[in-house]
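It should be emphasised that the depicted structure is a prediction, and the values quoted were computed from it without experimental measurement. Start at 1 and go down the list; that is how both ligands and their atoms are numbered.
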Amino acid sequence: MVCRPRPREDPPVTAPEHAATVFGRLRADGTEQILFSHDARTGLRSVIVVHDTRSGRPWAAYGCTAAPTSTRLDDVARRARAMTLKASAAGLDLGGGWSVVIGDPARDKNKELLRAHGRFIATLGGRFVPVNDIGMTQADLKVIGREAAPVCDSGDPSSMTALGVLEGIRACLRADGADGALAGVRVCVQGVGNVGTALAGLLAAESAESAKLVVADTDAARAADGAKLLGARVVDPDAVVRTDCDVLAPGAMGAVVNDATLPELRCRIIAGGANTVLAAPGHAAASADRGILYAPTSA
Ligand SMILES: NC(=O)C1=CN([C@@H]2O[C@H](COP(=O)(O)OP(=O)(O)OC[C@H]3O[C@@H](n4cnc5c(N)ncnc54)[C@H](O)[C@@H]3O)[C@@H](O)[C@H]2O)C=CC1
Ligand SMILES: CC(C)C(=O)C(=O)O
């Protein structure tokens, strides 16, 4: 694995500067560019963050989210930075970025809105290459692709992501002294969307005791369908962090581990596909202090 350290040319940003100014915010994360866009005709509001394009090819690996809880700039910026780190850890000549279309994907997403988003992506001249992520599908990318090129619409990455998470869970079990087998291991999957459903399917197929699988989703119908299909038990999304399990597999939004949830966790491993699971880097050590092994996004 090749991890390229990225020298920081700027002096460190102080906390007040970070909080107080837009450029402080950019410098704190090493972010290159943020594009806020609005389209009056469709009502589109979007944020595109290009974090870092220095890794050779002048374009950004990215995700695209439409979930309302992702609208805060902090969240988008953290996700963009995570993409840079992931690409670097994998030795890819890609930078990192993220984009969010603000709205409820089930209610607000439509072709005209996506095309408007695509036109703003196009203004970046190929520096931002969308991949489907939260609230987005490959079909949505095809629509965006009518306005912007290139887009990654040649195959949904979610099943490969789930496979990576499964192997990550196995590695954590081994690190925890077990043999990496999943039979009898109680896994709680938070969010049964693109990645969570694929992961839960792999877990159910792998373990003879799929009843040990627990799923949760803020979309109750989705949770019920997933549970029925997989023979899993449903828990309330608000109860996920308090669910007694061996592995908590976050597969939805970020900041699952934070000051409030940390004391409540009842798992021994946290390993899932969700990006930016920790609200702050220090939460990894704080988890370890509580005997919980945290694996950075295993995808
Ligand atoms: N799609 C992919 O290939 C990859 C996705 N990821 C990350 O995995 C996570 C999930 O992505 P997707 O599966 O594509 O998104 P998705 O939108 O298909 O699924 C997310 C699911 O989580 C549910 N959800 C939202 N908030 C929740 C909460 N508080 N509690 C429980 N459920 C909740 C939603 O209703 C939805 O069913 C994200 O953090 C994403 O960045 C990471 C690598 C690749
Ligand atoms: C598919 C890629 C870009 C992704 O969403 C991720 O790694 O989070």
So for Arg79 against ligand 1, with non-hydrogen atoms under 4.0 Å, the contacting part is side chain

- Item | Backbone or side-chain N or O of Lys86 under 3.5 Å from ligand 2 N or O | yes

Checklist entry - Is any NZ, NE, NH1 or NH2 atom of the basic residue among Glu167 and Arg170 found under 4.0 Å from an Asp or Glu carboxylate oxygen of the other? => result yes

Examine ligand 1 and decide if any of its atoms is less than 4.0 Å from a heavy atom belonging to Lys86.
yes

Counting from 1 in the order shown, the ligand 1 atoms closer than 4.0 Å to a non-hydrogen atom of Gly273 are 6 (N), 7 (C), 8 (O), 42 (C)

In ligand 1, the atoms that come under 4.0 Å of a heavy atom of Asn194 are 12 (P), 13 (O), 14 (O), 16 (P), 18 (O), 19 (O)

A student checking ligand 1 against Arg222 at a 4.0 Å heavy-atom cut-off should list atoms 36 (C), 37 (O)

Problem set entry | Close N or O approach (Gly196, ligand 1; < 3.5 Å) | no

Looking at side-chain heavy atoms only, is the closest gap between Arg146 and Arg115 below 4.5 Å? yes

query: Is Arg79 in contact with ligand 2, taking contact as a heavy-atom separation below 4.0 Å?
result: no

**Item:** Side chain to side chain, Val151 and Ile121, heavy atoms closer than 4.5 Å
**Value:** no

Closest heavy-atom pair, Ala223 versus Val215, reported as atoms and distance to 0.1 Å, is O-CG2, 3.9 Å

Ligand 2 to Asn275, heavy atom cutoff 4.0 Å, flagged ligand atoms 6 (C), 8 (O)

So side chain to side chain donor-acceptor pair (under 3.5 Å) across residues 183-204, not counting sequence neighbours, yields Arg186-Asp246

Only residue of Ser159, Ser154, Ser158 satisfying side-chain hydrogen bond (donor to acceptor under 3.5 Å, both in side chains) with Asp156 is Ser158

Heavy-atom proximity to atom 35 (O) of ligand 1 ranks first, among Asp217, Asp219, Asp236, for Asp217

Within 4.0 Å of some non-hydrogen atom of Gln190, the atoms of ligand 1 are 30 (N), 31 (C)

Heavy-atom closest pair (Ala216 atom, Val235 atom, distance to 0.1 Å) is CB-O, 3.4 Å

Under 4.0 Å from one or more heavy atoms of Ser158, ligand 1 contributes atoms 1 (N), 2 (C), 3 (O)

For Met83, the atoms of ligand 2 under 4.0 Å from one of its heavy atoms are 6 (C), 7 (O), 8 (O)

Gly135 heavy atoms within 4.0 Å reach ligand 1 at atoms 16 (P), 17 (O)

Determine, stepwise, if the pair Ile134 / Arg79 fulfils side-chain contact (heavy atoms from CB on, under 4.5 Å). CA-CA 12 Å; Ile134 304 173; Arg79 283 172 173 270; 3.5 Å; yes

Under 4.0 Å from one or more heavy atoms of Asp133, ligand 2 contributes atoms 4 (C), 5 (O), 8 (O)

Within 4.0 Å of some non-hydrogen atom of Val195, the atoms of ligand 1 are 1 (N), 2 (C), 4 (C), 5 (C), 13 (O)

Q.
Between ligand 2 and Asn132, is the shortest N or O to N or O distance under 3.5 Å?
A. no

- Query: So, do Asn258 and Thr261 sit near enough that their side-chain heavy atoms are less than 4.5 Å apart?
  - Reply: yes

Closest non-hydrogen contact found for Val50 with Thr31 is O-CG2, 3.6 Å

message = Hydrophobic clustering (ILVMFWY, side-chain heavy atoms < 4.5 Å, transitive) - are Val192 and Met160 grouped together?
response = yes

Out of curiosity, is Met136 lining ligand 1, as in a heavy atom under 4.0 Å away? no

Check your understanding: Would you call Arg41-Glu112 a salt bridge at under 4.0 Å N-O?
Key -> yes

So the atoms of ligand 1 within less than 4.0 Å of a heavy atom of Gly251 turn out to be 9 (C), 10 (C), 20 (C)

Looking only at non-hydrogen atoms, the one of Val189, Thr218, Val235, Val215 nearest atom 28 (C) of ligand 1 is Thr218

